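Lettering follows sequence order; numbering is per chain, from 1. None of the values given here were measured: they were computed from a predicted structure.
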Amino acid sequence: VNDDELMQRIAGGDEAAFQLLVTRWEQAVFAFLCHMVGSRADAEDLCQETFLRVFAQASRYRPVGKFRSWLLRIAGNLARSWLRRRKLLRWIRFDVSRHDRATPAPAPDRGLEVDQLQTAVREALAQLPERQREAVILRRYQELSYQEIAAVLGTTPGAVESLLQRAAATLRKHLAGKVDLT
Amino acid sequence: MTHVRERIQACLDGELTPTEAEVVRKHCASCPECGRAWRETAALWDAVDRVPPPLLSRSLWPELQARRNARTPSWPRLGFATGALAVTAAGLWLGLWFGAELTDDLNRVHCSSKVWT
């Protein structure tokens, strides 16, 4: 059963179809949100909220584009408003965890290099502006085409290319000296 | 005009037509600066790709289902609100109906009294 058919069944109140859709997509949505917000607990919460919205909006869903783009647009919108809320909260009250973070001790055993690379990349991704980060995550981890990313972000494929170029330049700066990029 | 270097990203992502991609590849093979940009961009995305995807340790379905049920008003809870609304609506309707009837009666009496005088 394809996603569009499932959505049609969900619109008719089919619980089993909704469960099938959740099971099919929860991993991808969670991974996307986790990269976007940087916290597993918040990503789980937002992932659930995404599927609740899918259920609520099922009757309005039209299979004009790809279901994946529509789904990730909902998740992306939720992640962006979550990030805005968090930014506002941090501005209102001084966040100790953000400003007084302890330096993580390096892992003592093998795999140190891999760990360091992954940590450096995660930190560099987290420092990207929201739209650039979203474009990178959608391209690298969700393997969306420029056309699909454009549909998620509400922009053009040309703008996506430009976002990725700028993201690459910023990432290169952040990773310089930490990761060998030659 | 767009410089070839600005299309490296799209070329690596497989977003160019075969002809466009060929132009970019050929240029990068002959131009040391663009060749370096190609290698650096490829190495950067390779490093990014090596970060494993965060995995869910369990399905979110049970929690999601509980959350949805909590949001959907059940019939017994809806019953009170609906009942209260129905009683209010019926009261209003009856009030208006009796009011209209009464006004009609008064008008009739008033008109009849005019005829009598």
Side-chain angles (χ1 to χ4, degrees), chain A residues 15 18-20 22-23 26-35 38-40 43-45 47-52 55-56 114 117-122 124-125 136-137 139-143 145-147 149 157-158 160-169 171-172 175 178-182, chain B residues 1-18 20-21 23-24 27-28 31-75 78:
Chain A
E15 182 92 359
F18 185 46
Q19 185 174 6
L20 187 59
V22 171
T23 314
E26 62 182 349
Q27 187 57 64
V29 174
F30 171 74
F32 167 69
L33 287 165
C34 214
H35 280 301
S39 139
R40 289 184 67 90
E44 279 182 13
D45 190 51
C47 190
Q48 288 181 29
E49 190 57 42
T50 301
F51 284 109
L52 287 174
F55 188 83
V114 178
L117 170 88
Q118 289 176 4
T119 308
V121 170
R122 279 202 193 98
L125 279 174
V136 169
I137 294 164
R139 174 67 210 140
R140 309 313 306 183
Y141 303 126
Q142 299 288 328
E143 295 175 8
S145 68
Y146 286 8
Q147 187 75 47
I149 299 172
V160 171
E161 186 181 346
S162 163
L163 275 173
L164 289 170
Q165 276 172 354
R166 276 183 280 145
L171 285 172
R172 217 173 282 132
L175 293 173
K178 295 178 193 164
V179 178
D180 181 23
L181 296 176
T182 51
Chain B
M1 197 182 132
T2 312
H3 189 275
V4 166
R5 203 182 309 168
E6 287 167 35
R7 304 313 310 273
I8 290 175
Q9 179 66 58
C11 189
L12 283 167
D13 283 335
E15 292 280 340
L16 299 184
T17 63
E20 289 172 329
V23 171
V24 175
H27 176 80
C28 289
C31 168
E33 226 175 296
C34 290
R36 193 164 57 89
W38 174 286
R39 284 190 300 278
E40 281 179 1
T41 309
L44 171 76
W45 295 126
D46 182 52
V48 171
D49 290 348
R50 269 186 275 164
V51 174
L55 295 173
L56 268 175
S57 50
R58 64 190 195 290
S59 173
L60 294 177
W61 175 250
E63 289 161 63
L64 181 63
Q65 205 180 17
R67 210 160 141 177
R68 194 165 63 87
N69 289 340
R71 273 190 202 182
T72 314
S74 58
W75 282 111
L78 244 184

With sequence neighbours excluded, what pairs up with Arg172(A) under the salt bridge (charged side-chain N to carboxylate O under 4.0 Å, His left out) test?
none
To the nearest 0.5 angstrom, please state how far the CZ atom of Phe30(A) sits from the OG atom of Ser57(B).
7.5 Å
Any side-chain heavy-atom pair of Gln147(A) and Glu15(B) under 4.5 Å:
no
Heavy-atom pairs under 4.5 Å with chain B, option from Gln27(A), Gln165(A), Gln118(A) with the top count:
Gln27(A)
Contact part of Ser145(A) toward chain B, heavy-atom cut-off under 4.5 Å: side chain, backbone, both or neither?
both
Quick check: closest heavy atoms across Ala47(B) and Val179(A), and the distance to 0.1 Å?
CB-CG1, 4.2 Å
Any salt bridge linking Arg140(A) with Asp13(B)? Criterion: basic side-chain nitrogen under 4.0 Å from a carboxylate oxygen.
yes
Counting only non-hydrogen atoms closer than 4.5 Å, does Val136(A) touch chain B with its backbone (N, CA, C, O), its side chain (CB onward), both, or neither?
side chain
So, applying side-chain hydrogen bond (donor to acceptor under 3.5 Å, both in side chains) with Gln65(B), which one of Gln19(A), Gln48(A), Glu15(A) is it?
Glu15(A)
So what's closer than 4.5 Å to chain B heavy atoms on Phe18(A): side chain, backbone, both or neither?
both
Looking at every non-hydrogen atom in both residues, tell me the closest pair between Arg40(A) and Pro54(B) and how far apart they are.
NH1-CB, 4.3 Å
Under 4.5 Å from a heavy atom of chain B, the part of Leu164(A) involved
both
Looking only at heavy atoms and a cut-off of under 4.5 Å, which of Ala168(A), Cys34(A), Ala169(A) has the most pairs with chain B?
Ala168(A)
What distance do Phe51(A) atom CZ and Leu64(B) atom CG have between them, rounded to the nearest 0.5 Å?
7.5 Å
Test Gln9(B) against Tyr146(A) for side chain to side chain contact (heavy atoms under 4.5 Å, CB included), laying out the working first.
CA-CA 11 Å; Gln9(B) 179 66 58; Tyr146(A) 286 8; 3.6 Å; yes
Mind checking what makes salt bridge (charged side-chain N to carboxylate O under 4.0 Å, His left out) contact with Glu161(A), not counting sequence neighbours?
Arg7(B)
Report, by ascending residue number, the residues of residues 31-39 of chain B in heavy-atom contact with chain A at a distance under 4.5 Å; give 'none' if the set is empty.
none
Which atom names give the shortest non-hydrogen contact between Val121(A) and Val48(B), and what distance separates them?
CG1-CA, 3.8 Å
Applying ring-ring contact (aromatic ring centres under 6.0 Å, His included) to Tyr141(A) and not counting sequence neighbours gives His35(A)
